[in-house]
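Both backbone and side-chain heavy atoms feed into the values below; hydrogens, waters and symmetry mates do not.
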Amino acid sequence: RSYRLGRLALQLGLDIPCKDAGIVNICSALFLIWQKEPLRTDIILFTPEHLNDGLGNGNFASAVLQGSFAFFARFWAGEHLTSLELSMREIRDRLSELGQKILLLRFQPLIQLILNFQKESEENFEDLLILTGDSMDETEYRENISDASPPALRMWLWFCKMILAYSLGFNRTAELLLQKIHKGRYFMLENTVLCLPVIFY
């Protein structure tokens, strides 16, 4: 029933023009569509037009949600990392121009995750678990996300590090990072729904 309601909402969004159509797409994609349809269906829902609308009319929260979850949908669907990096840098640059410092913090780990995966050689692969490079410095990032910062910022940091650890074979490190996510109950945030399969399995 919820899936059908999500599809109905998407159809109404097409039939009745609405400035908040991006929010409808977000909710449908995060909560409903990905459970029954391929991830590439989710990618289609996060349109550049809706993202630009959000940035243009000041609805930055909508734009950031679309950008971050479009990232993971495209990442898990196997998009080329170079293309994905370019898209995320464009969003980051727009947010920087608009002076959205807190929202910028959300994109830094995502971009650095892609950059670390693209590094051709490292003497110590464990160094790749540190999210420090062209996009961010992990030490400075930790200092910038105080207790007053949105909890999702800490979740994104641990989550990106967990993906790296698991992908590179550091399973125990990945488990410890997963414990941090669970301990902080970040996986219960409404904006991590699409991440639940990865966090749990």
Applying salt bridge (charged side-chain N to carboxylate O under 4.0 Å, His left out), name anything that partners E138, two or more places apart in sequence or on another chain. R142, K161
Contact check, side chains of E90 and L86, non-hydrogen atoms, under 4.5 Å: yes
I'd like to know if the side chain of S83 and the backbone of E79 have a donor-acceptor N/O pair within less than 3.5 Å. no
Starting at CG of L115, measure out to OG1 of T132 and round the result to the nearest 0.5 Å. 11.5 Å
Before giving the answer on side chain to side chain contact (heavy atoms under 4.5 Å, CB included), spell out for L128 and F117 the whole-Å C-alpha distance, their side-chain angles and the decisive distance to 0.1 Å. CA-CA 8 Å; L128 293 175; F117 270 126; over 6 Å; no
Can you tell me if S96 uses its side chain to pair, donor with acceptor, with the backbone of R92 under 3.5 Å? no
Over all heavy atoms of both residues, which pair between W156 and R106 is shortest? Give the atoms and the distance, please. NE1-NE, 2.8 Å
Nearest-0.5 Å distance, NZ of residue K119 to CD1 of residue I114: 13.5 Å
Euclidean distance, C160 SG relative to L177 CG, rounded to 0.5 Å: 11.0 Å
Mind running side chain to side chain contact (heavy atoms under 4.5 Å, CB included) on I91 and F71 for me, showing each step along the way? CA-CA 11 Å; I91 298 173; F71 166 86; over 6 Å; no
Under the 3.5 angstrom rule, does the side chain of Y141 hit a backbone N or O of M136 as a donor-acceptor pair? no
Would a hydrophobic clustering, with Ile, Leu, Val, Met, Phe, Trp and Tyr connected at side-chain separations under 4.5 Å, put F125 with L81? yes
How long is the straight-line distance from CG of L104 back to CG of D93, given to the nearest 0.5 Å? 9.0 Å
Salt bridge check: are E85 and R89 linked by an N-O gap of less than 4.0 Å? yes
Interatomic distance, Q112 atom CD to M88 atom CE [nearest 0.5 angstrom]: 15.0 Å
Starting at CG of L129, measure out to CE of M162 and round the result to the nearest 0.5 Å. 12.5 Å
Quick check: closest heavy atoms across K180 and W158, and the distance to 0.1 Å? NZ-CH2, 3.4 Å
Nearest heavy-atom neighbours spanning S135 and I111: OG-CB, 3.5 Å
Side-chain contact, heavy-atom cut-off 4.5 Å: L164 with L131? yes
